[in-house]
Amino acid sequence: MNPQAIIDGLIAGSTIGLGAIGLTLTYSILRFANFTHGDFLAWGAYLTLTVAGVLGGLAAGLGAPVYPFSFGWGLPLAMFGGVALTVALTLGLDRILFGKLRARGADAIIIVMASFGASMALRSLLEFIFTAKPAYFTKALQIAKPLGLGMRATPDQLLVIGMTAVLVVVLHLLVTRSATGRAMRAVSENPSLAGVYGVNVENVIRVTWIIGAGLACIAGVMAGLLVQIRPYMGFDLLLPLFSAAILGGIGSIPGAMLGGLIIGLAEAFAVQIVGAEWRAAISFVILVLVLMLRPQGLFGQKGA
Amino acid sequence: MTALSVAGLHAGYDPDLPIVKGVSFDITRGEAVSILGPNGAGKSTMIKAIAGLVPCFAGHVRLGQTDVTGLASHHLVRNGMGFVPQTENIFTRLTILENLQIAAQLLPKAERAGRIAAMLDMFPDLAARPGELAGALSGGQRQMLAAARALLTEPQVLMLDEPSAGLSPKLVGQVFDTLRRISEAGVTLVLVEQNVRAALTLTERALVLVDGKLAHDGPSETLHDGKLLGELFLGHRTAEART
């Protein structure tokens with residue numbers, strides 16, 4: 001078996017893990033499976049691309065690749081704008097749709113169906129604005145460098161893995177050590193009691209959307225940087241995202257990341273063992289196995 | 001001076017079927033009051049409505065001079081209301097210290113550590129293991145943590161919904177000893193309780209709610225022999241003037 005599957009799996013798993021963290025946070029705090037999360041990835045990538053285009057128009061030098069990467073300073077700068085715009089998109093959607101349903105005390109299934117509809121609308125809107133033709137952050141080609149033990153990776157790919165590791169650690173510290181994180185965990189366990197403790201639950205929900213949207217945008221940019229940007233890129237990632245979040249245990253940030261890495265590695269090894277055409281089925285198989293054998297996931301709590 | 005004033009309160013889950021029907025009473029600062037009544041009388045619904053957890057359809061709730069009717073529970077806490085729900089009143093997946101830290105966020109930063117230390121002094125059982133998950137505590141210790149959390153912000157009024165529910169007699173004794181200390185410290189106490197004898201011993205005044213309406217409001221000793229209470233619970237008396 002080619003050990004390259006380990007690197008391929010870690011790279012795919014980084015994107016899946018980051019996306020799954022956002023998903024697991026919204027799932028545990030807002031208490032519904034948010035089907036729009038995949039589209040936030042795609043919107044994040046396209047919005048970052050748009051901002052990068054504007055920045056490139058303002059200062060052409062920002063687009064020139066910075067060694068050893070395939071992109072220039074324009075992309076990381078644009079990502080800040082992309083994150084801000086994706087956050088605005090999610091907060092706007094919460095204000096006009098999810099927040100209104102919450103205020104009416106709608107059942108979770110109603111909110112899930114609403115998110116499904118919103119997901120289709122967001123995807124169609126993306127296709128309408130940007131067309132279905134793939135787009136790219138960079139046209140520069142990169143040569144994968146040997147890492148030893150028969151594995152190779154490009155600098156962009158290593159950056160993605162490193163950035164994911166940093167983000168996961170920062171986020172884990174935020175949730176476990178800060179007042180905001182304590183409030184998030186409190187709302188996740190019992191929103192009504194959190195209010196009695198003096199926690200402003202709506203503020204916690206806003207923070208959750210902001211973190212989820214930010215991570216979705218970064219995950220979308222990573223996926224777009226390493227492969228390509230398409231309106232359906234988020235939708236295609238939805239099943240792996242849900243599988244990773246459920247495998248890790250709903251509400252667990254390290255769990256979602258580990259779940260993402262396991263899904264990524266399983267997909268990469270499946271490509272070698274049973275063929276690329278079965279790659280998409282792996283997430284589904286893992287999801288079904290987890291739901292049957294350990295529904296609380298690796299780090300989740302029973303009944304959570 | 002009035003700590004809590006409730007006037008013509010109608011509350012419940014459906015405006016067409018209110019559970020609390022036009023209840024009015026005033027509680028003065030430092031007073032300890034029991035709210036008693038048969039099952040289904042609306043005691044818990046009323047206390048939750050006052051605490052901002054159940055919709056109020058009509059009437060007013062005032063905390064001191066501030067009208068807090070219909071405010072969300074987190075606003076009420078900031079206005080000086082402490083509420084301890086009957087069940088699920090602590091965060092079991094957070095540590096004892098984290099439970100207290102969440103409540104302490106409402107205080108100025110300089111006061112937080114001092115107030116948490118004061119609560120741990122008041123409840124030595126909690127001080128012994130602040131880093132332990134609250135879910136590992138016994139029933140009585142959970143009630144103590146819930147009370148410590150509510151007291152941490154020095155509320156004007158502390159309301160407790162059946163603090164003895166599900167506890168062994170020994171633990172009930174511990175919880176009521178704690179509540180007595182809290183009351184003696186001058187905190188206004190409002191207690192919904194099924195354990196009538198313990199509640200009447202602790203509080204100086206009792207309100208009896210029957211079918212969502214106030215059926216009695218008077219000194220606790222008037223209910224000690226159980227005769228009047230029996231009549232009220234069985235519906236033989238529907239209204240009693242405040243004595």
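In this text the structure is predicted, and so the values were computed from the model without any measurement. In the text below, chain A, chain B and the rest are named by the order of the sequence lines, each starting its count at 1.
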Checklist entry - Relative to chain A, which segment of B:Leu106 carries a heavy atom at a distance below 4.5 Å: side chain, backbone, both, or neither? => result side chain

Item to check | Contacts of A:Ala121 that satisfy side chain to side chain contact (heavy atoms under 4.5 Å, CB included) - sequence neighbours left out | outcome: none

Next on the checklist: Is it the case that atom CE in A:Met113 sees more than 12 heavy atoms from other parts of the structure closer than 6.0 Å?
Outcome noted: no

Item to check | Contact summary for A:Val199 and B:Ile102, nearest pair of heavy atoms | outcome: CG2-CG2, 3.5 Å

Item to check | Within 6.0 Å of OH in A:Tyr27, more than 12 heavy atoms from elsewhere | outcome: no

Checklist outcome for this item: Bottom line for A:Thr176: the part with an atom under 4.5 Å from chain B's heavy atoms is backbone

Next on the checklist: Could you check whether any side-chain heavy atom of B:His74 comes within less than 4.5 Å of a side-chain heavy atom of A:Asn200, counting everything from C-beta outward?
Outcome noted: yes

Checklist outcome for this item: Most contact-rich option vs chain B, by heavy-atom pairs under 4.5 angstrom, among A:Arg185, A:Arg182, A:Glu189, A:Glu202, is A:Glu189

Checklist entry - Do you know the tightest heavy-atom contact between A:Val196 and B:Pro85? => result CG1-CD, 4.4 Å

Item to check | chain A interface, residue from B:Val84, B:Ile90, B:Leu152, B:Leu76 that has the most non-hydrogen pairs under 4.5 Å | outcome: B:Ile90

Item to check | Greater than 12 external heavy atoms within 6.0 Å of A:Phe284's CZ | outcome: no

Checklist entry - Out of curiosity, B:Phe91 CZ to A:Asn190 CG, how far, rounded to the nearest 0.5 Å? => result 6.0 Å

Checklist entry - Would you find more than 12 non-hydrogen atoms of other residues, nucleotides or ligands less than 6.0 Å from A:Arg95 atom CZ? => result no

Next on the checklist: Using side chain to side chain contact (heavy atoms under 4.5 Å, CB included), reason through B:Glu88 and A:Ser192 one step at a time and then give a plain yes or no.
Outcome noted: CA-CA 10 Å; B:Glu88 297 183 358; A:Ser192 167; over 6 Å; no

Next on the checklist: I'd like to know whether NE2 of B:His10 has more than 12 heavy-atom contacts from other residues, nucleotides or ligands below 6.0 angstrom.
Outcome noted: yes

Next on the checklist: Please classify the contact of B:Thr153 with chain A as side chain, backbone, both or neither, using a heavy-atom distance under 4.5 Å.
Outcome noted: neither

Checklist entry - Would you find more than 12 non-hydrogen atoms of other residues, nucleotides or ligands less than 6.0 Å from A:Phe235 atom CZ? => result no

Next on the checklist: Do B:Arg149 and A:Tyr197 form a cation-pi contact, if we require the NZ or CZ to be under 6.0 Å from the six-membered ring centre and within 45 degrees of the ring's axis?
Outcome noted: yes

Checklist entry - Counting only N and O atoms by type, is there a donor-acceptor contact under 3.5 Å from the side chain of B:Gln101 to the main-chain atoms of A:Ala179? => result no

